[in-house]
Amino acid sequence: MSDLIIRPATEADIPAIKRADERSFHARMSDTEIADTLTLLPPERFLVAVDPQDGLVGVTAAYDMAVTLPGGAALPSPGVAWVSVPATHRRRGILRALMAGQLGGFVAQGLPLAMLTASHASIYGRFGYGEATRNRCVEIDPRAELRADAPDPGGVRFAETSEVTEHAPRIHRRWAARTPGAVSRSEAWWKRFFLDREYRRGGASSMFHLVHPDGWAAYRAKWGTEGSTLSVELFAVTPEAHAALWRVLLAQELVEKISTRLTFDDPLQLMLTDPRLIRTTSVADGLWLRVLDVPAVLGARRYGCEIDVVLEVRDDFLGRGGRFRLQGGPDGASCTPTAGAAQVHVGMADLGSLVTGNVRARSLAAAARLQAEDAALARFDVAFVPEREPWHGTDF
Ligand SMILES: CC(C)(COP(=O)(O)OP(=O)(O)OC[C@H]1O[C@@H](n2cnc3c(N)ncnc32)[C@H](O)[C@@H]1OP(=O)(O)O)[C@@H](O)C(=O)NCCC(=O)NCCS
């Protein structure tokens with residue numbers, strides 16, 4: 001496809017972009033939905049592939065977002081989405097051309113990172129994206145009971161959507177500041193969220209909210225044969241808020257099950273008399289991160305122990321790798337290009353996983369995806385362990 005043109009979209013491309021997305025993701029989109037989307041993604045945030053004969057043959061877009069690194073720094077990181085190539089034009093390198101154009105644009109803008117959530121786990125590694133968080137979906141049996149020694153701090157009340165438009169974003173910002181891998185939510189994102197449109201409900205009710213001074217939970221209910229399924233998202237910034245919100249959620253009656261996502265380090269399971277009543281239904285890749293500026297990203301991160309290491313990063317797709325000296329610890333870090341001998345060798349995609357600490361360096365080494373001298377590996381492995389399990393909290 002040598003005549004392929006990759007260019008930013010204009011207003012005139014929107015109907016074709018909408019059709020392309022509908023055909024690739026097998027879902028129709030109402031005029032309201034596309035209008036809502038454009039409040040987050042104006043035309044210039046889309047990149048299109050245009051064939052001189054066939055017209056629009058590929059789409060990608062990028063939300064304006066940031067991601068939190070271990071230690072709490074948030075770096076700008078465009079959220080790539082709306083990626084599609086029509087079935088009539090697949091496997092001719094159009095996605096590859098779009099990815100090269102998009103990532104090249106991000107580099108030109110000086111962006112340190114890019115991120116996405118993927119439809120298939122096997123596509124994006126070749127473009128330098130690595131798995132940076134995991135999604136663990138669970139179902140909680142309504143028979144789940146809290147142990148006698150589980151905290152009971154209280155302080156939770158029900159609220160309507162109009163009452164949480166400031167509280168929920170405030171809690172989310174506090175949560176994101178302490179959670180590696182957390183994806184920011186813009187004002188426009190919250191505005192669309194609070195509209196709570198029918199097309200975002202998946203056949204369930206509009207949102208119910210529970211608020212605590214240090215937490216917030218939102219859920220939808222869908223009636224089944226034996227009660228409702230409650231689909232919950234919960235953000236808590238203190239253990240008290242976490243316990244108080246879950247206590248109210250578990251006290252609900254006429255519930256068939258609660259479905260939610262929990263990190264493996266979430267304390268809820270430890271507070272139940274029968275931990276098996278939380279059943280993991282799937283664990284899969286969540287957020288994918290692509291490092292574009294190694295010194296900026298590794299220098300902004302904090303480390304679990306003092307580290308002084310030279311690492312060699314391979315980047316076959318974009319040439320953003322090289323050899324870097326990383327000196328850091330729990331209080332700060334610096335990362336600079338160097339000509340010194342490298343003790344650790346890693347590919348760019350796997351560096352994306354290490355940035356949040358989603359994967360242990362020693363696991364990558366055992367899988368022959370990272371090479372290091374034994375002494376360097378032991379320290380490197382511990383240094384990259386984050387303060388809590390990384391989680392992105394928002395799909396896009
Ligand atoms: C996924 C999709 C965008 C790929 O587009 P495409 O133009 O056919 O991809 P390309 O021809 O540029 O392929 C680039 C590389 O990705 C690989 N690839 C493409 N689609 C893949 C898939 N679904 N699974 C695994 N690998 C895939 C190709 O084999 C190729 O590998 P190589 O360059 O190492 O040989 C397209 O199939 C699509 O629109 N699918 C439905 C919607 C979707 O899933 N979008 C992604 C949302 S995150």
Side-chain angles (χ1 to χ4, degrees), residues 1-9 13-29 33-34 37 40-41 45-65 67 77-106 113-135 137 181 183 189 200 282 284-290 314-321 347-350 352-353 358 369 392-396:
M1 304 232 38
S2 55
D3 297 337
L4 197 69
I5 298 160
I6 305 290
R7 61 162 174 80
D13 294 311
I14 297 300
I17 289 174
K18 174 176 177 285
R19 279 194 298 275
D21 199 73
E22 290 179 334
R23 290 169 184 167
S24 285
F25 292 96
H26 316 295
R28 289 294 181 193
M29 210 178 299
E33 186 170 352
I34 187 79
T37 298
L40 292 160
L41 285 176
R45 294 198 74 90
F46 288 88
L47 205 60
V48 289
V50 180
D51 176 86
Q53 266 88 52
D54 301 342
L56 187 144
V57 292
V59 181
T60 182
Y63 292 104
D64 186 7
M65 290 174 153
V67 67
S77 182
V80 172
W82 280 69
V83 176
S84 78
V85 169
T88 47
H89 288 71
R90 285 199 179 133
R91 311 301 180 261
R92 303 181 196 176
I94 298 176
L95 173 66
R96 179 169 278 275
L98 279 166
M99 289 293 109
Q102 188 177 48
L103 289 169
F106 295 158
L113 284 163
M115 60 190 177
L116 52 81
T117 52
S119 60
H120 303 275
S122 52
I123 302 178
Y124 292 99
R126 59 173 56 73
F127 306 127
Y129 286 90
E131 196 183 316
T133 69
R134 278 178 303 177
N135 257 334
C137 296
V183 169
W189 186 281
R200 294 180 69 82
S282 68
D285 53 290
L287 185 75
W288 292 70
L289 272 189
R290 207 295 173 196
R314 291 182 310 278
D315 184 3
D316 300 333
F317 188 63
L318 213 57
R320 302 293 296 165
M348 191 58 96
D350 291 331
S353 303
N358 190 48
R369 291 166 62 154
H392 57 290
T394 301
D395 292 330
F396 53 91

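The figures here come from the full heavy-atom set of this structure, side chains too, leaving out hydrogens, waters and symmetry mates. Here the structure is a predicted model, which means the values were calculated and not measured. Ligands are counted one by one from 1 in listed order, and the atoms in each one are counted from 1 as well.
Remark: the backbone N or O of Glu131 is paired with a side-chain donor or acceptor of Ser353 at under 3.5 angstrom. In this structure, Thr133 contributes its side chain and Leu287 its backbone to a donor-acceptor pair below 3.5 Å.
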Just list the N/O pairs, ligand 1 to protein, that are under 3.5 Å apart, with the distance for each.
residue, atom, partner, partner atom, Å
ligand 1, 7 (O), Leu95, N, 3.0
ligand 1, 8 (O), Arg91, N, 2.7
ligand 1, 8 (O), Arg91, NH1, 2.8
ligand 1, 11 (O), Arg92, N, 3.3
ligand 1, 11 (O), Gly93, N, 2.9
ligand 1, 12 (O), Ile94, N, 3.4
ligand 1, 12 (O), Leu95, N, 3.0
ligand 1, 12 (O), Arg96, N, 2.9
ligand 1, 16 (O), Arg126, NH1, 3.4
ligand 1, 20 (N), Arg91, NH1, 3.1
ligand 1, 20 (N), Arg91, NH2, 3.3
ligand 1, 23 (N), Arg91, NH2, 3.4
ligand 1, 31 (O), Arg126, NE, 3.1
ligand 1, 31 (O), Arg126, NH2, 3.3
ligand 1, 33 (O), Arg96, NE, 3.1
ligand 1, 33 (O), Arg96, NH2, 2.9
ligand 1, 34 (O), Arg126, NE, 2.9
ligand 1, 37 (O), Arg90, NE, 3.0
ligand 1, 37 (O), Arg91, NH1, 3.0
ligand 1, 39 (O), Val85, N, 2.9
ligand 1, 39 (O), Val85, O, 3.2
ligand 1, 39 (O), Arg90, NH2, 3.3
ligand 1, 40 (N), Arg90, NH2, 3.4
ligand 1, 44 (O), Ser119, OG, 2.7
ligand 1, 45 (N), Val83, O, 2.9

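At most 12 non-hydrogen atoms from other residues, nucleotides or ligands lie less than 6.0 angstrom from CZ of Arg369.
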Check the pair Asp51, His89 against side-chain hydrogen bond (donor to acceptor under 3.5 Å, both in side chains), reporting the backbone distance first and the verdict last. CA-CA 10 Å; Asp51 176 86; His89 288 71; 5.5 Å; no
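In this structure, the side chains of Ser77 and Met65 stay at 4.5 Å or more apart for every pair of heavy atoms. When side chains are defined from C-beta on, Tyr124 does not count as touching Val80, because their heavy atoms never get closer than 4.5 Å.
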